[in-house]
Amino acid sequence: MNAKLYHIGFGRDDFGETPPSIALLSGDPERAKLIAHSYLHSVRLLSENRGLNSYAGLLPNGRSLLCATSGMGASSTSIVVHELVQVGIRLIIRVGSCGSIREHVAVGSTVITSAALCRQGAANDIAPIEYPAAADPFVTVALAHAANTLNVKYHVGITASVDTFYEGQERTQSVQRPLLRYLRGITEEYRSLNILNYEMESGTLLKMASVYGFRAGCVCGVVAQRTVKEDIVLAEKNTAIDNAIQIAIKAAEQWEEPYQ
Ligand SMILES: O=P(O)(O)O[C@H]1O[C@H](CO)[C@@H](O)[C@H]1O
Ligand SMILES: O=c1cc[nH]c(=O)[nH]1
């Protein structure tokens with residue numbers, strides 16, 4: 001029986017002869033599609049259920065890869081990740097976009113998350129709030145090594161992974177009312193804690209990886225510079241995301257299990 005998982009819309013048997021154990025996970029379904037069609041051959045659409053588009057294909061070295069969609073935020077990510085583990089995925093690399101909160105982390109560059117400050121409700125259903133959201137060290141090194149090889153600008157460090165794009169990332173310009181007291185000044189506080197960037201999925205993904213026993217890492221293209229303004233820098237968005245994709249693809253292609 002080929003049990004299709006309820007949300008992702010496919011099951012193990014849909015992989016055929018070459019089941020992937022590695023997934024690149026994007027918030028945006030169009031990014032999953034772009035990665036599959038730009039970097040893989042023998043690409044197959046597995047499902048488009050609820051916008052959680054998934055594609056399977058082969059890297060140039062013949063390794064099987066899944067390109068999947070998390071949707072935005074921790075709740076959707078937790079569902080997708082749970083189901084990806086059930087279909088046999090053992091390594092998940094989030095390929096995302098993010099906003100820098102540091103002057104030296106420029107738009108167009110990338111951030112490889114070593115660990116996340118996880119301010120996400122969904123993660124509290126998976127592990128206690130104090131539980132670390134740490135990236136797999138071998139995956140993190142593989143991503144940094146890939147970025148070096150490609151000569152793509154990258155930073156390795158701590159990411160603030162939060163539930164909201166506007167309030168939780170202290171965006172005030174779009175809402176004509178004050179933020180909650182605990183959020184006012186939070187970006188400055190994070191800066192002083194050496195946090196590099198904001199995004200919305202890595203904290204929950206990384207906690208799930210440690211709890212469920214799979215490997216995970218995260219690389220994001222920087223599309224906003226919060227030391228300058230709140231808006232996304234559209235002119236640099238594609239470059240930033242392409243850089244993150246290239247890093248993730250190279251890391252996936254070169255990945256070797258450090259121990260069994
Ligand atoms: O570009 P993705 O992967 O969706 O990531 C970032 O972009 C979305 C917000 O614009 C959030 O999902 C955030 O984490
Ligand atoms: O500023 C940003 C940009 C992308 N994604 C986020 O979560 N924040």
Side-chain angles (χ1 to χ4, degrees), residues 23-36 50-54 67-81 84 92-103 105-113 116-123 133 135 143 155 158-175 179 183 186-187 190-191 195-208 216-249:
L24 302 194
L25 186 60
S26 306
D28 181 352
E30 287 303 314
R31 192 177 313 139
K33 185 178 185 180
L34 174 77
I35 298 172
R50 291 174 177 256
L52 301 173
N53 297 15
S54 296
C67 298
T69 307
S70 63
M72 285 187 281
S75 303
S76 179
T77 299
S78 75
I79 295 169
V80 171
V81 167
L84 292 183
I92 298 178
I93 299 174
R94 164 164 156 71
V95 188
S97 64
C98 69
S100 163
I101 63 168
R102 306 291 290 279
E103 270 173 26
V105 179
V107 167
S109 71
T110 59
V111 174
I112 296 168
T113 299
L117 176 149
C118 183
R119 179 155 54 79
Q120 300 195 305
L143 290 168
H155 307 267
I158 299 172
T159 293
S161 196
V162 303
D163 276 334
T164 49
F165 179 84
Y166 292 103
E167 295 83 355
Q169 298 182 20
E170 211 184 346
R171 283 186 164 87
T172 51
Q173 284 160 14
S174 56
V175 193
L179 292 169
L183 291 171
I186 205 160
T187 307
Y190 286 175
R191 207 170 280 133
I195 290 171
L196 301 183
N197 61 331
Y198 275 125
E199 57 78 74
M200 297 173 56
E201 291 81 17
S202 69
T204 296
L205 167 66
L206 299 179
K207 283 193 176 187
M208 289 182 83
C218 174
V219 56
C220 289
V222 178
V223 300
Q225 176 48 276
R226 297 295 309 282
T227 59
V228 179
K229 61 176 180 154
E230 295 186 359
D231 304 344
I232 302 296
V233 183
L234 289 173
E236 301 269 6
K237 184 181 163 210
N238 289 346
T239 304
I241 289 173
D242 273 357
N243 284 338
I245 293 172
Q246 283 187 50
I247 291 170
I249 284 284

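One-based numbering, in listed order, for ligands and for the atoms of each. Note: hydrogens, waters and symmetry copies are ignored here, and every other heavy atom, side chains too, is used.
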Could you list which atoms of ligand 2 come closer than 4.0 Å to a heavy atom of Ala224? 1 (O)
Could you check atom 9 (C) of ligand 1 against the protein and tell me its nearest heavy-atom contact, residue, atom and distance included? Phe165 CD1, 3.6 Å
Please evaluate residues Leu143 and Thr110 with respect to the criterion side-chain contact (heavy atoms from CB on, under 4.5 Å), reporting the C-alpha separation (whole Å), side-chain torsions for both, the decisive distance (0.1 Å), and the verdict. CA-CA 11 Å; Leu143 290 168; Thr110 59; over 6 Å; no
Any heavy atom of Ile232 closer to ligand 2 than 4.0 angstrom? yes
shortest atom 7 (O) of ligand 1-to-protein heavy-atom contact is with Ser97 OG, 3.3 Å
At what distance is the nearest protein heavy atom to atom 1 (O) of ligand 2, and which residue and atom is it? Arg171 NH2, 2.6 Å
protein heavy-atom neighbour closest to atom 4 (O) of ligand 1 works out as Gly27 CA, 3.3 Å
Taking the side chain from Asn53 and the backbone from Ala32, do they hold a donor-acceptor pair closer than 3.5 Å? no
Just one of Asn238, Ile245, Thr239, Asn243 clears the side chain to side chain contact (heavy atoms under 4.5 Å, CB included) bar with Ile241, so which one? Ile245
Can you confirm, on distance only, whether ligand 2 has an N/O atom lying under 3.5 Å from any N/O atom belonging to Arg226? no
With heavy atoms of Val223 as the reference, note each atom of ligand 2 found under 4.0 Å away. 3 (C), 4 (C)
Between Ser78 and Met208, is there a side-chain heavy-atom distance shorter than 4.5 Å? yes
Side chains of Asn197 and Val222: does their closest heavy-atom pair fall under 4.5 Å? no
Identify the closest protein heavy atom to atom 7 (O) of ligand 2: which residue and atom is it, and at what distance? Gln169 NE2, 2.9 Å
Distance to 0.1 Å, residue and atom name: give those for the protein heavy atom nearest to atom 5 (O) of ligand 1. Arg94 NH2, 2.9 Å
Ligand 1 and Arg31, any nitrogen or oxygen pair closer than 3.5 angstrom? yes
protein heavy-atom neighbour closest to atom 14 (O) of ligand 1 works out as Glu201 OE1, 2.5 Å
What's the shortest distance from atom 5 (N) of ligand 2 to any protein heavy atom, and which residue and atom give it? Ser97 O, 3.6 Å
Would you tell me whether Gln120 and Thr204 have side-chain atoms, one donor and one acceptor, within less than 3.5 Å of each other? yes
If we only count heavy atoms from C-beta on, is the Arg191 to Thr227 side-chain gap below 4.5 Å? yes
Close N or O approach (Gly96, ligand 1; < 3.5 Å): no
Tyr198 neighbourhood, listing ligand 2 atoms whose heavy-atom distance to it stays under 4.0 Å: 6 (C), 7 (O), 8 (N)
Looking only at protein heavy atoms, which one is nearest to atom 2 (C) of ligand 2, and how far off is it? Gly99 N, 3.3 Å
Check whether any N or O atom of Met200, backbone or side chain, sits under 3.5 Å from an N or O atom of ligand 1, and answer yes or no. yes
Distance filter under 4.0 Å to Met200 heavy atoms, resulting ligand 2 atoms: 7 (O)
Among all protein non-hydrogen atoms, which one is nearest to atom 8 (C) of ligand 1, and what is the separation to 0.1 Å? Met72 SD, 3.8 Å
Ser109 side-chain N/O to Ala106 backbone N/O, donor-acceptor pair under 3.5 Å: yes
Is a donor from one side chain sitting under 3.5 angstrom from an acceptor on the other, for Tyr190 and Arg119? yes
Is Arg226 salt-bridged to Glu170, going by a charged N under 4.0 Å from an acidic O? no
Please could you name the atoms of ligand 1 that Glu199 approaches to less than 4.0 Å, counting only its heavy atoms? 14 (O)
Glu201 and Ser76: CA distance, side-chain angles, deciding distance, side-chain hydrogen bond (donor to acceptor under 3.5 Å, both in side chains) verdict: CA-CA 9 Å; Glu201 291 81 17; Ser76 179; over 6 Å; no
Under 3.5 Å, is there a donor-acceptor pair between the side chain of Gln169 and the main chain of Thr187? no
